[in-house]
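Quick note on labels: first sequence line is chain A, next is B, and so on, each numbered from 1. Just so you know, these numbers come straight off a predicted model, no measurement behind them. Atom set for the values below is all heavy atoms of this structure, side chains included, hydrogens, waters and symmetry mates excluded.
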Amino acid sequence: MKVGVLALQGAFIEHVGMLQQLGVEAPLIRLPEELAGLDGLIIPGGESTTMSRLMRDFGLMQPVRELACSGFPLLGTCAGMILLCQETNRAELETLGVMKVRVERNAFGRQVDSFECDLDIPPLGEEPFHAVFIRAPIVKSVHTSVEIIARLPDKTAVAIRQGKMLACAFHPELGSDMRLHCWFLDNFIG
Amino acid sequence: MEKGTWVVKSGLAQMLKGGVIMDVVTPEQAKIAEDAGACAVMALERVPADIRAEGGVARMADPTIIRAIMDTVSIPVMAKCRIGHFVEAQVLESLGVDFIDESEVLTPADESHHIWKDNFRVPFVCGCRDLGEALRRISEGAAMIRTKGEAGTGDIVEAVRHMRAVMGSIRKLVNTPEEELVAEAKALGASLELVREIHQTGKLPVVNFAAGGIATPSDAALMMQLGAEGVFVGSGIFKSSDPESRARAIVKATTHYNDPAIIAEASQGLGAPMSGLDVKTIPVAELLATRGW
């Protein structure tokens, strides 16, 4: 199995490390021609405006959009979730627009409001998932085709699924719990 | 729900990796930086080249400027406080900046002690010239390190010297037998715990960027190839003739640092870089990198 990690900016090495520990080949993707032959793609955390700028500059927006529309497995974490969504609270930010959700960027405030907490994510089993939220987005509204996978105690949606696409507002690549990556590999690609 | 933890502080630095952090002095510059793809901006009253030219005591920026920049962009906003000036740091934290740079570019407030950064919820980045200095700052709670270079010069030579010093010492520690690590820790002036960690992992426990003298796309890619995980560009962008194009070019070169053809294309037609200042011509008393220890 071969899962690419978009390596324009952000915490892409952390995803590569997890995929390799799970025995998956994880090439870095910086140019459109590198998308060939992949079984899935991860869009990592980082700065969504930076990644959007670089995706446009290097012609990655349209090829990734086309892959998504053909049912290609995609995982987006934090900035990756923002890039997958259809609409954000920052109108000038170009996204892939492939997940039918509206996302609010920096929804918890500034860095001093970043936090970590335990989340119930039913598909990952009974044991709570320790999630790290860094200047994180939240999901504001979803289309009926989108399933909400996890919520904060106040019911805010922070992880979603739409077909073969999975997105979360937190950072499963930080830390050592690999259950979310395993679930993506087994149930979205496998 | 826990805030201000080590994971959350060092995690923001991880999200900045592969990116360019740009010095800005107005909301308009901050917008140009964000549109060009900066992963964060450093809100300042004067860029280092002007601080150097004007002389006098350089202090934390006026909160009005920092607030105006925070209101303009959606990317993280950093701000500088003087070395050891923990009250300036408290003020910056209360303003809600996303990262504090305890910086040698400002006039130090304390020549013996840096800020005890564990006392803060906001993460800190600190400068270093070698591995010992980096590890002392990490022991004080720095969540991110940057090599100092020589700010405001557009001369890359000091940035290269400092990055080679840090990376060379890490390579040496990896190959040092365990029983010699205590002597290495003593020589570095660093904690044995951190020295042993580097011996085992082969890398710093926090993210390390390059700073001080980066003026061209090739400069940025050079620092990335030498081991930087991202770059700070101070005077290099807004002291050049076409800041917008230069900013975009440096962002591209930082991402594609291993692809000379892309760096070549990004480097075309950018106009004049900042004029620059040969570090060897600067009197020793005016060097910024020697501030802090």
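- Only the side chain of B:Asp259 comes within less than 4.5 Å of a heavy atom of chain A; its backbone N, CA, C and O stay farther away.
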Q: Go through B:Asp71 and B:Arg67 one step at a time and tell me if the salt bridge (charged side-chain N to carboxylate O under 4.0 Å, His left out) criterion holds.
A: CA-CA 6 Å; B:Asp71 288 343; B:Arg67 279 208 171 100; over 6 Å; no
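- Contacts with chain A (heavy atom to heavy atom, under 4.5 Å) involve no residue of residues 217-226 of chain B.
- Classified by interplanar angle (parallel below 30°, tilted 30° to 60°, perpendicular above 60°), the ring pair A:Phe188/A:Trp183 is perpendicular.
- Although no hydrogens or angles enter the test, the distance criterion places a donor-acceptor pair under 3.5 Å between the side chain of B:Glu45 and the main chain of B:Asp62.
- Most heavy-atom pairs under 4.5 Å with chain A: of the set B:Arg248, B:Lys252, B:Met70, B:Lys9, this distinction falls to B:Arg248.
- Ring geometry for A:His15 against A:His181 counts as tilted: the plane angle lies between 30° and 60°, on a 0 to 90° scale.
- Residue contact with chain B, scored on non-hydrogen atoms closer than 4.5 Å, involves the backbone and the side chain of A:Arg110 alike.
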Q.
Please evaluate residues A:Glu92 and A:Arg105 with respect to the criterion salt bridge (charged side-chain N to carboxylate O under 4.0 Å, His left out), reporting the C-alpha separation (whole Å), side-chain torsions for both, the decisive distance (0.1 Å), and the verdict.
A. CA-CA 13 Å; A:Glu92 67 267 36; A:Arg105 294 176 69 224; over 6 Å; no
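- Ranked by non-hydrogen atom pairs under 4.5 Å with chain B, the options A:Met51, A:Glu14, A:Arg135, A:Glu173 are led by A:Arg135.
- At distances below 3.5 Å, not a single donor-acceptor pair connects side-chain atoms of B:Arg146 with backbone N or O atoms of B:Gly230.
- Residue A:Ala79 does not touch chain B at all, counting heavy-atom pairs closer than 4.5 Å.
- No part of B:Ala40 comes within reach of chain A, as not one of its non-hydrogen atoms sits under 4.5 angstrom from that chain.
- Only the side chain of A:Val132 comes within contact range of chain B, with at least one heavy atom under 4.5 Å from a heavy atom of that chain.
- Using modelled atom types, no side-chain atom of A:Thr49 and backbone atom of B:Glu34 make a donor-acceptor pair closer than 3.5 Å.
- Under the 3.5 Å distance criterion, the side-chain polar atoms of A:Gln9 are matched with a main-chain donor or acceptor of B:Met15.
- Between the side chain of A:Gln162 and the backbone N or O of A:Val98 there is at least one donor-acceptor pair closer than 3.5 Å.
- Proximity to chain B involves both the backbone and the side chain of A:Asp113, based on heavy atoms less than 4.5 angstrom apart.
- Interface remark: A:Leu8 contributes backbone and side-chain atoms alike to the contact with chain B (heavy atom separation under 4.5 Å).
- Looking at A:Phe12, neither its backbone nor its side chain comes within 4.5 Å of chain B, counting heavy atoms on both sides.
- Note on A:Leu31, A:Leu93, A:Leu152: by heavy-atom pairs under 4.5 Å with chain B, the leading option is A:Leu31.
- Relative to the ring axis of B:Phe124, B:Arg137 does not place its NZ or CZ within 45° and under 6.0 Å from the centre.
- Ranked by non-hydrogen atom pairs under 4.5 Å with chain B, the options A:Ala11, A:Cys78, A:Gly45, A:Ser114 are led by A:Ser114.
- Looking at A:Arg161, its side chain never comes within 3.5 Å of a backbone N or O of A:Glu147 through a donor-acceptor pair.
- The closest donor-acceptor contact from the side chain of A:Asn89 to the backbone of A:Glu104 lies at 3.5 Å or more, if one exists at all.
- With a 4.5 Å cut-off on non-hydrogen atoms, B:Val77 touches chain A through its backbone and its side chain both.
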